[in-house]
Enquirer: 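Take a look at this one; I'll ask things after.
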Amino acid sequence: MENQPRREVGLNLNDIVGDPGKRKPIEEFDVSIRDRVRREYLNIGPCQPIGHKYEKKKYGNQERSFQDIWFKRYTWLEYSVSKDATFCFWCYLFKKSDKGGRQSNDAFTKTGCSNWKNALERFNYHVGGVNSCHNNARIQFEAFQDQRNSVASILRSNTREMEVAYRIRLTVSLNVTRFLLKQGLSFRGHDESSSSSNRGNFIELLLWFSELNDDVSKTLFANAPANNQMNSPRIQKELANACASEVTLAIVNDIGDKVFTLLVDEARDVSMKEQMGVVLRYVNNEGYVIERFIGIVHVTDTSSHTLKCAIDDLLVKHNLSLSKVREQGYDGASNMRDEFNGLKSLILQENPYAMYIHCFSHQLQLIIVAVAKGIRVVKDVFSYVSMIVNMVGASCKRKDQLRQLQHDRLVEQLNDGEVISGRGKNQETSLVMPGDTRWGSHYFTLLRLCSMWSSVEKVLEVVRDDATLRDNRSTTEGLIERMNNYEFVFTLHLMKHLLGITNELSIALQKKDQNIIQAISLIQSVKHQLQSFRENGWEDIHDQATKFCELHNISQVDMDEIIPRRGYKKYGAELITNLHHYRVEIFNQLPLQLSNFIANVRCDPQFAALSNLGDVATEMVKSGKHLVFPLVYRIIELALVLPVATASVERAFSAMKTIKTDLRNRMGDEWMNDSLIVYIEKDLFSMIDNEKILQRFQSMRTRRIQLPSL
């Protein structure tokens with residue numbers, strides 16, 4: 001038993017915590033992974049949330065708090081947001097006893113120092129003399145950072161040729177990693193959680209590189225040590241993590257000490273794990289509104305407290321402060337917007353300036369759905385539309401029939417000159433199932449149903465004729481009858497028109513650079529459109545429904561005919577005309593320094609042609625007026641960072657479905673997060689130089705070979 005090799009202990013990256021007040025002590029980690037833990041913390045760096053609103057404590061008649069300026073004077077200093085206390089980064093990583101056997105002060109490693117009276121004296125006392133625990137930890141910290149001059153590296157004595165070959169192998173592997181991450185492709189086939197080096201896309205691309213260049217081929221495989229070919233699954237994950245870390249660092253550096261908006265949403269991935277996506281919205285140094293995906297976090301549940309803790313940890317990890325949040329945007333779920341225990345309330349308790357904005361696009365969608373369901377005729381139409389889509393798309397056979405019928409119909413129309421061909425016109429299409437949570441799905445369902453009406457009706461007739469059960473036959477017969485009903489056709493065209501108006505607004509609200517002023521203006525214009533349509537749109541909709549019925553041989557109604565009012569018993573019911581029913585009950589039921597700055601810009605021709613607030617901000621930066629009128633620029637900046645929609649988070653979840661598929665459902669949370677960050681922010685990733693990523697990769701753990709200087 002004594003001769004058995006020690007089993008390697010894996011590192012759970014959830015144990016790597018940014019907040020020093022929540023960290024697990026180094027000595028509690030297994031000895032075999034302590035150096036890797038130190039490397040992980042070195043890459044993160046000390047927790048220094050510059051710009052945080054530090055809590056004040058009363059000492060006699062004075063109030064004192066931690067000061068940002070202390071970070072510049074003491075580079076080892078860390079601040080814990082959760083404990084409102086300071087810690088020593090160097091001592092946490094390399095704490096040892098001094099010559100007298102005395103342990104270093106636990107106030108800076110475990111409990112934290114939170115007494116701000118004479119704080120500088122306490123910091124200096126902690127530093128101590130030449131042989132103090134703190135200075136010994138500093139020496140070890142500096143030696144640990146310098147891998148090239150470490151004892152282990154000197155003993156290995158690698159030649160210059162070996163180091164150059166190592167750089168070539170690593171660079172080629174990084175280029176392959178870049179390509180796969182940008183495309184959202186798998187590295188090792190279907191099982192991304194496997195540690196085995198099975199041949200996947202990564203190895204195939206390496207082989208392809210080697211075929212193009214014989215020198216690279218020799219460096220990659222022929223002359224490379226078997227344990228240093230830089231193509232193992234561990235190397236792939238570390239390269240991906242280095243790429244994602246550099247992208248995130250670029251985002252954090254771009255934010256700097258500016259205020260920002262927090263956009264949050266949660267969804268389940270393909271393996272049924274609850275994932276929380278976080279996007280930050282801010283105004284960059286050029287005055288442009290930017291929304292950046294900062295990460296996705298696996299949460300055990302979606303309670304507001306769990307989400308709040310996850311957000312705190314994520315912000316602290318990147319040295320961002322919750323006190324810099326000026327707005328928070330969610331989709332309106334109860335766990336987000338609850339007045340007492342919702343996520344927005346928990347954040348407002350800590351930061352009263354974090355204004356809550358319910359996503360405009362979600363509000364628009366919820367209003368449309370609520371109005372539609374509140375009117376019986378409209379509700380019935382959408383119910384029948386869903387049944388028609390389900391019936392036609394219930395099997396591959398029916399879908400193929402629909403495609404073929406639609407294809408034959410388009411060919412006939414092209415030959416008769418009824419439609420024209422061209423780029424992007426009359427492409428193959430299919431029916432879309434409407435969903436309350438999918439923006440625009442109802443509109444496109446109605447559009448496609450109208451354009452494929454004859455083909456859909458023929459498929460339903462085939463289903464009816466082939467039905468073996470009486471229930472299926474009667475259901476299909478009922479749907480065919482409904483499609484030949486004038487009320488169904490009229491209401492369908494009415495909703496198609498209304499959803500077309502609101503769909504343009506929904507698409508506009510989802511743009512990343514949209515600001516609150518433009519959004520309000522768009523909403524006002526849509527309200528005017530709806531009011532104008534209500535007052536003057538009856539004739540157009542009536543004509544559209546009439547022409548559609550004539551085209552498809554659907555019986556029309558006499559508008560002057562007397563009928564009983566719907567919803568009442570025929571005996572004794574109020575009598576109305578068809579015109580009243582369609583025009584009143586269906587059509588009309590649908591609801592519908594500052595003064596100096598102004599004087600200055602009025603005289604500046606560069607500002608005369610500006611049409612929106614975003615252009616004003618960028619022009620102020622270009623002309624330097626943001627320095628002359630900083631308070632005005634701050635007001636504009638605050639208005640610009642107001643969130644309009646959470647579309648960016650929704651897009652992140654769409655990307656998650658691309659990255660983590662049914663065939664790749666075992667990929668870990670960190671692997672998925674790294675892949676998502678690079679895939680979503682690929683434009684920023686393309687601007688990051690290889691050398692930064694290589695240096696980060698090199699510092700992630702102790703390497704056998706060092707990177708030679710360029």
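Just the heavy atoms: all of them, side chains too, but no hydrogens, waters or symmetry mates, feed the values below. Computed from a prediction, not measured in an experiment: that's the story for all the values here.
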Enquirer: Checking the side chain of Lys258 only, and the main-chain atoms of Ile255 only, is there a donor and an acceptor separated by less than 3.5 Å?
Expert: yes
Enquirer: Check for a donor-acceptor pair, side chain of Arg122 on one end and backbone N or O of Ser114 on the other, with a separation under 3.5 Å.
Expert: no
Enquirer: In this structure, is the centre-to-centre distance between the rings of Phe89 and Trp76 below 6.0 Å?
Expert: no
Enquirer: Between the side chain of Asp669 and the main-chain N/O of His298, is any donor-acceptor distance below 3.5 Å?
Expert: no
Enquirer: Test of understanding: with side chain to side chain contact (heavy atoms under 4.5 Å, CB included), list the residues that count as partners of Asp265, not counting sequence neighbours.
Expert: Asp331, Val649, Glu650, Phe653
Enquirer: Within a strict 4.5 Å, meaning less than it, do heavy atoms of the Ile693 and Arg178 side chains meet?
Expert: yes
Enquirer: Using a distance-only test with no angle check, is there a side-chain donor-acceptor pair under 3.5 angstrom linking Arg138 and Gln140?
Expert: no
Enquirer: Could you tell me whether a side-chain N or O of Tyr330 sits under 3.5 Å from a main-chain N or O of Tyr356, the two making a donor and an acceptor?
Expert: no
Enquirer: So, does Ser623 use its side chain to make a donor-acceptor pair with the main chain of Glu619 at under 3.5 Å?
Expert: yes
Enquirer: Check the surroundings of atom CD1 in Ile69: do more than 12 heavy atoms from other residues, nucleotides or ligands lie under 6.0 Å from it?
Expert: no
Enquirer: So, Asn43 and Ser699: side-chain donor and acceptor under 3.5 Å apart, yes or no?
Expert: yes
Enquirer: Taking the six-membered ring for Trp and the single ring otherwise, decide whether the centroids of Tyr41 and Tyr92 are under 6.0 Å apart.
Expert: yes
Enquirer: For Lys657, is there an ion pair with Asp269 - N to carboxylate O distance below 4.0 angstrom?
Expert: no
Enquirer: Near Tyr59 OH, under 6.0 Å, is it more than 12 heavy atoms from other residues, nucleotides or ligands?
Expert: yes
Enquirer: Do Trp70 and Phe66 have their ring centres less than 6.0 Å from each other?
Expert: yes
Enquirer: Mark yes when over 12 heavy atoms from residues, nucleotides or ligands other than Lys317 sit less than 6.0 Å from its NZ; otherwise mark no.
Expert: no
Enquirer: Between the side chains of Arg39 and Asp35, is the shortest nitrogen-to-carboxylate-oxygen separation below 4.0 Å, so that they form an ion pair?
Expert: no
Enquirer: Whether the side chain of Asn335 engages the backbone of Ser303 through a donor-acceptor N/O pair (distance < 3.5 Å, no angle test) should be reported.
Expert: no
Enquirer: Would a distance-only check, ignoring hydrogens and angles, find a side-chain to backbone donor-acceptor pair under 3.5 Å from Glu350 to Ser323?
Expert: no
Enquirer: Determine, for Arg651 against Glu291, whether the closest basic-nitrogen to carboxylate-oxygen distance falls under 4.0 angstrom.
Expert: no
Enquirer: Any salt bridge between Arg23 and Glu78, counting N to O under 4.0 Å?
Expert: yes
Enquirer: Taking Gln328 for its side chain and Ala354 for its backbone only, find out whether a donor-acceptor pair lies under 3.5 Å.
Expert: yes
Enquirer: Has Lys692 got a side-chain atom pairing as donor or acceptor with Glu246's backbone, closer than 3.5 angstrom?
Expert: no
Enquirer: Assert yes or no for the condition that the ring centre distance of Phe108 to Phe87 is strictly below 6.0 Å.
Expert: no
Enquirer: Do Arg292 and Asp254 meet the salt-bridge criterion of a basic N to acidic O distance under 4.0 Å?
Expert: no
Enquirer: Would you check if the distance from the ring center of Tyr79 to the ring center of Tyr54 is below 6.0 Å?
Expert: yes
